[in-house]
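All remarks here apply to the structure that follows.
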Number of protein chains: 2
Amino acid sequence: MSTRESQRVPPKRRPFGDVGVVVDFSAVAADAGGTPDAAFIGLDRRKTSILATVVYEYIATGEPVGSAMLTQKYNLGVSPATVRAEMADLEEEGYLDQPHTSAGRVPSDLGYRYYVDRLMLPETVTQEERDRIKTEVGRASRQLDSAADHASHVLSNLTKHIAFAIAPRLDGQSYRHVQLIWIDVRSVHVVLVTNVGVAAQTTVETSEDVDPDRLTRACNNLNRHLVGHRLSDITFEKLNQLSAETPLPSDLVRLLAGLFIEQSEAHVERRLFAGGAHNLLDQQEFRDLRKLRAILDLLEEQRSLYELLQESLSTKGPKVSIGHELGNADMSECSVVTMPYKVANRNAGAVGVLGPRRMQYAKLIALVTYMTERLNVLFQGEFFES
Amino acid sequence: MSTRESQRVPPKRRPFGDVGVVVDFSAVAADAGGTPDAAFIGLDRRKTSILATVVYEYIATGEPVGSAMLTQKYNLGVSPATVRAEMADLEEEGYLDQPHTSAGRVPSDLGYRYYVDRLMLPETVTQEERDRIKTEVGRASRQLDSAADHASHVLSNLTKHIAFAIAPRLDGQSYRHVQLIWIDVRSVHVVLVTNVGVAAQTTVETSEDVDPDRLTRACNNLNRHLVGHRLSDITFEKLNQLSAETPLPSDLVRLLAGLFIEQSEAHVERRLFAGGAHNLLDQQEFRDLRKLRAILDLLEEQRSLYELLQESLSTKGPKVSIGHELGNADMSECSVVTMPYKVANRNAGAVGVLGPRRMQYAKLIALVTYMTERLNVLFQGEFFES
DNA sequence: CATTAGCAGTCCTGACCTTTGAGTGCTAAT
DNA sequence: ATTAGCACTCAAAGGTCAGGACTGCTAATG
């Protein structure tokens, strides 16, 4: 029925084509794959198309979209009145919202969700984008933290949103080498190298005096005994035992243990990298300073972002969280795209992009996906020959 | 005359006392030291007092200050009309501005300058502030970059403004130790330790294969020959010469040379640490999003901040730059307080605070000064026994 | 009977006006 | 020299109003 309708009127311009819209009345069915109707759970074709068009248009313009404008701009082949009726239904069913009685419609969380899950067409990453990501990740070389740092920077630049990343967990990695560098009698610099690169570097103030020679011996001793072990297998007891042979300051042993094992809680702020907050200023939805504030505070605090990425660790592909799905009132006008990356074939970290709900989901998914692919390559293997 | 005036009227409250203002009609003269009139270049006593009060009040409230309000709140002992006349003079002479005909007065750059140079009373740092700075600087231990990073963080938290710092220059420091850590055949991790701590740590991708044993020998060779040298004395030629004995990949030699010598240009972004941009949101002067934008872009770019700090390297005490003095149209509504810190008794880095011109100059100077004192202590000496 | 033209109704937006009040500069009196 | 008094200015806040972009409803229609 509706399909016939849209074909009957000879389109003055290719329907949707001019504006690059992702879906049209007939195309939707085709895109749905084997069972066309699978795409339309709860919604008939025309509703689906209208929903897609509304979401697409709203993402593009940021203005509530009205029926007249829609029929005209997208050559829908039906009258505004019909579109209005459909929109009213879609609102009833919760896919659209109306800011006020005499305004157009705006997608609801559910509307965005439906769009993301079933309607939008995948986007690609341009060659320039690839290049920037590749070189930037490349520059991070084998420093695990720095990779996350670079990832968040380049992603925020490319997306013009806030981007964030966590450095890889260490527990899937294996011990290669620890270098204890004597700084002075009361401080030691520690560099931990795993099978994928430099995993940690930090300076400890010790409460006992340290002798340089003894430090070297202890260091050799550690390396002799621990090389090849998975970090998560190295217990505090084992370290203590090794330290008994060639004594190390207890602070140092504790620190090492912390590096190898604890990992999770204490290091939130050290492991999360975020950037691009200034991009929020360009988003019309954040012209309200209080909303802006709320988001910036969230960033500052880091906790929420960290948890978002942690959650995504257990997923496989990209994960989109829309508005209230984020479970945080302050973020109810935002969406987040996250995706885990692997170290030695195991999810070990994640990157994400945070922006207004009105974001280019497909594009961001493509970018985030490509970024994780590069990180996967960076971290994929054993770089040591052993 | 004017002094008698102010004494004739029995003050209902201690003049200026209640609001903690920094100066009153008689006090100004006293504070000026030996030659009282030295403080009043171009301005008589009463004008000076009024200027001081206007600046103080404006900094406190952010509202243009009018004559009536001033006489009343500060018990000046003269009538609003008199104050008005004086204000008109002060405006004439360029110390005050008037946003519009029917508004009160606002300090001009020149007004702030006069206030900062001659009128304001020094502020102190509270015990809490001391403690926070001390512990935070302490946590940085002997990592030079991390000290700058911590400094900018804690300063931005304490001041609620943007704070920034540059990591110390290396050229005054002397070589203690380089650790070359073999990561894989094509990457090496480099840790440079100087007489004050860990000065650099970075990973290089080499274009030639690296043999671990040879790397160790080369490393020992470097250390044997270079220990004790000032970094600025280590030339590219010398490195090449050493590398001839025990060959190192040319990339690595270049990197080392860069670490020791080049320092200045290439590393801007690596050496500047800034934080606290979100604090701008609370400043009423940045409610205009475009101004906010301009400042954030500046931050992003880093160049300007870096240059500000570089300039301050040649000064001794705290340096205050007000509005147009900053020489940057985008910053014409901001002021900056900077101060250098020393490494081994030589200016080697600097910290700064950036905020609206309407800032608590005395307080910020106190905080910045204390911060540099702590950094000086951290970096003051030779921590090695040699 | 799904669709649609027509229409009344809603309500945001922006332009324009008025009022209010804080603050000024001038002047004449002290 | 100082100040009380006064007319004047101008930003900010509030109120009114027309315009316009929508809507939902209804009756007509192929």
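For clarity, every value in this text was computed on a predicted model and none was experimentally measured. Throughout, protein chains are lettered first and strands after them, A, B, ... in sequence-line order, and every chain is numbered starting at 1.
The CD atom of E63(A) sits 12 Å away from the P atom of dA21(D) (whole-angstrom rounding). Taking atom CD of E86(A) as the reference point, atom C1' of dG24(D) lies 15 Å away to the nearest angstrom. Look at CG on L76(A): it is 17 Å from C1' on dA2(C), rounded to the nearest Å. Going from atom CG of D97(B) over to atom C1' of dT24(C) covers 15 Å, rounded to whole Å.
Considering only side-chain atoms of E91(A), the nucleotide from dA4(D), dG25(C), dG24(D) that sits closest is dG24(D). The side chain of H100(B) lies closest to dC10(D) when the candidates are dA4(D), dC10(D), dT4(C). Here dT4(C) is the nucleotide among dC26(C), dT4(C), dT3(C) with the atom lying nearest to any side-chain atom of A81(A). For S79(A), taking side-chain heavy atoms from C-beta onward, the closest of the listed nucleotides dG24(D), dA5(C), dT3(D) is dA5(C). If you check dG25(C), dT23(D), dC10(D) against the side chain of T101(B), the one that comes closest is dC10(D). In this structure, the nucleotide among dT3(D), dT4(C), dG25(C) sitting nearest to the side chain of T82(B) is dT3(D).
Remark: the D109(A) side chain and the H324(A) side chain contain an N/O donor-acceptor pair separated by less than 3.5 Å. Side-chain atoms of E123(A) and Y361(A) form no donor-acceptor pair, as typed in the model, at a separation below 3.5 Å.
The number of heavy atoms from other shown groups lying within 6.0 Å of CD (Q284(A)) is above 12.
Side-chain atoms of S102(A) stay outside donor-acceptor range of the base of dC22(D), with no qualifying N/O pair under 3.5 Å.
Counting only heavy atoms from C-beta outward, the side chains of E285(A) and K291(A) never approach each other to under 4.5 Å.
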